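The structure under discussion appears below in the form of structure tokens.
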Number of protein chains: 2
Amino acid sequence: MSYGDAMSARVRSEERRAEIVRAALEVIAERGYRGASLAAVAERVGLTQQGLLHYFPTKNALLVAVLEERDQWDAVPDTTWRADLLASLVEYNAMRPGIVQTFSALLGESVTEGHPARAYFTERYRRVRESMSCILRTEYGDRLPNGLTPERTAPLLVAVMDGLQYQWLLDPESVDMPGAFRDFLTLLGER
Amino acid sequence: MSYGDAMSARVRSEERRAEIVRAALEVIAERGYRGASLAAVAERVGLTQQGLLHYFPTKNALLVAVLEERDQWDAVPDTTWRADLLASLVEYNAMRPGIVQTFSALLGESVTEGHPARAYFTERYRRVRESMSCILRTEYGDRLPNGLTPERTAPLLVAVMDGLQYQWLLDPESVDMPGAFRDFLTLLGER
DNA sequence: TCGCCTACCTGTAGACCAGTAGGTTTCGTT
DNA sequence: AACGAAACCTACTGGTCTACAGGTAGGCGA
């Protein structure tokens, strides 16, 4: 058995899957999950719909892969997170409207009944709020300068990030997302 | 011509239309706009899908009616709006998860390309931000206690409201939407 | 009473969609 | 050279969707 060649086959397959996930991200951004047809995703990577089903046996499996990709994406080690880095994250997002649009669309859909991403987002927000609390506690201690606890501030922080994304996606000319977020951070930071 | 009877016919028709719009709100909350089939809405009011099309000739027309209903809903005269009333609005919303879910789902979908509600939400947010600026200026003058202008605060206010709604819809047990919103208001109000 | 309008209905066209069945080609391994 | 698996494809099933076409029944005004 030649490891080199065996790997190259596996690698190529893995690359194909990544390609497909990337295409799925795009199509979901454009049409939402419900509106994203397997055929549309397949066409974007030069496959037939059935060829795509060879890599992901169901549409749901493809969605799972998309969500896992996202998890990997912002799985930055907790220690490197600091409040000032949040501003850079928002700035970074402002340069990648595609990704933001994908997950804003998915978040919106996920509140509907029985949506396959609902559990994911519920769990994710719980984690993110917790993580934010930690960051805030490290930065400010048990009370922010304005008197709120980190646990009560975290939902607001998350809400501002998401809410600004929708306003910005709908009307990027009128909404300065990074600027507004910095405004919010100063709101938290000053006493 | 008997006005009384003519009116009663028109009234009955208008009532039917309102019934349909209400049913559409429910179905959209459950499955989003794309996932909401005319047949599902029709069934809920005891009509066939084609019977429904007699009242709203296209699915789009039904959506327009839904959005118009919403506009009428929060078309409270500007003068009665005050910052302290915003907290009651959020509290009120917390008692009507159905409506919140409908419009959160629609907002999420609206960021996708060519969505029929996109223009509506874009325009709406522009108006709401403006309106919020006015409220804040009336309340605080040209500078909030924290130093921000009303124009820079308004997007944050709107973002917090929307963002909290998503977190709350996904996990009402963990998120105290009205409480968190009050926290944010005190954040604005104290110097 | 006649005719018209409203409020529905059945039937169906024409798309699309996820997923199955069962091929064939390509290619690395033995 | 033979084998087997991976990587696709064609063909199809059974379903759902919006919308159109063309009916019918009942009430209202003339």
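In what follows, chains are A, B, ... by sequence order, proteins preceding strands, each numbered from 1. All values reported here derive from a predicted model rather than from experimental measurement.
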Taking all atoms of both residues into account, what is the closest heavy-atom pair of A:Q167 and B:A159, and its distance? NE2-N, 3.3 Å

Quick one: are A:L188 and A:P145 in side-chain contact, heavy atoms under 4.5 Å? no

Separation of C:dC17 atom C1' from A:K59 atom NZ, nearest Å, is 8 Å

B:L62 atom CG is separated from D:dC17 atom C1', nearest whole Å, by 15 Å

Here the distance between atom P of D:dA5 and atom CZ of A:R12, to the nearest Å, is 18 Å

Just the rounded figure in Å: distance from P of C:dA7 to CG of B:L52. 13 Å

Between A:H54 (NE2) and D:dC9 (C1'), how many Å, whole number? 12 Å

Length of the line joining A:R17:CZ and D:dC8:C1', which is rounded to integer Å: 15 Å

Is the shortest side-chain N/O distance from B:S13 to OP1 or OP2 of C:dA7 below 4.0 Å? yes

Tell me what B:A61 touches on the nucleic acid: a base, only sugar-phosphate, or nothing, going by heavy atoms under 4.0 Å. nothing

For C:dC16, does either OP1 or OP2 sit under 4.0 Å from a side-chain N or O belonging to A:S37? no

Could you tell me whether the phosphate oxygens of D:dC9, OP1 or OP2, come under 4.0 Å of any side-chain nitrogen or oxygen in A:T48? yes

Closest nucleotide of DNA chain C for A:P57 versus for B:G51: which of these residues is on the 5' side? B:G51

When the aromatic ring centroids of A:H115 and A:F121 are compared, is their separation below 6.0 Å? no

Using a cut-off of strictly less than 4.0 Å, decide whether A:R16 has a side-chain nitrogen or oxygen near OP1 or OP2 of D:dC8. yes

Indicate yes or no for a side-chain donor-acceptor contact from A:R143 to the backbone of A:G147 under 3.5 Å, with no hydrogens or angles considered. yes

Taking only the side-chain nitrogens and oxygens of A:Y55, find out if one of them lies under 4.0 Å from OP1 or OP2 of D:dC8. yes

Under 4.0 Å between any heavy atoms, over every strand shown, what does A:A42 touch: base, sugar-phosphate, or nothing? Just pick one. nothing

Remember a base hit wins even if backbone is also touched, and classify A:L53 as base, sugar-phosphate or nothing at under 4.0 Å, heavy atoms. base

Rounded interatomic separation in angstrom, taking CD from B:E15 and P from C:dC8: 12 Å

Using whole Å, what does the distance between atom C1' of nucleotide D:dA21 and atom CD of B:Q50 come to? 11 Å

Sub-3.5 Å donor-acceptor pair from the side chain of B:Y166 to the main-chain atoms of B:S104, do we have one? yes

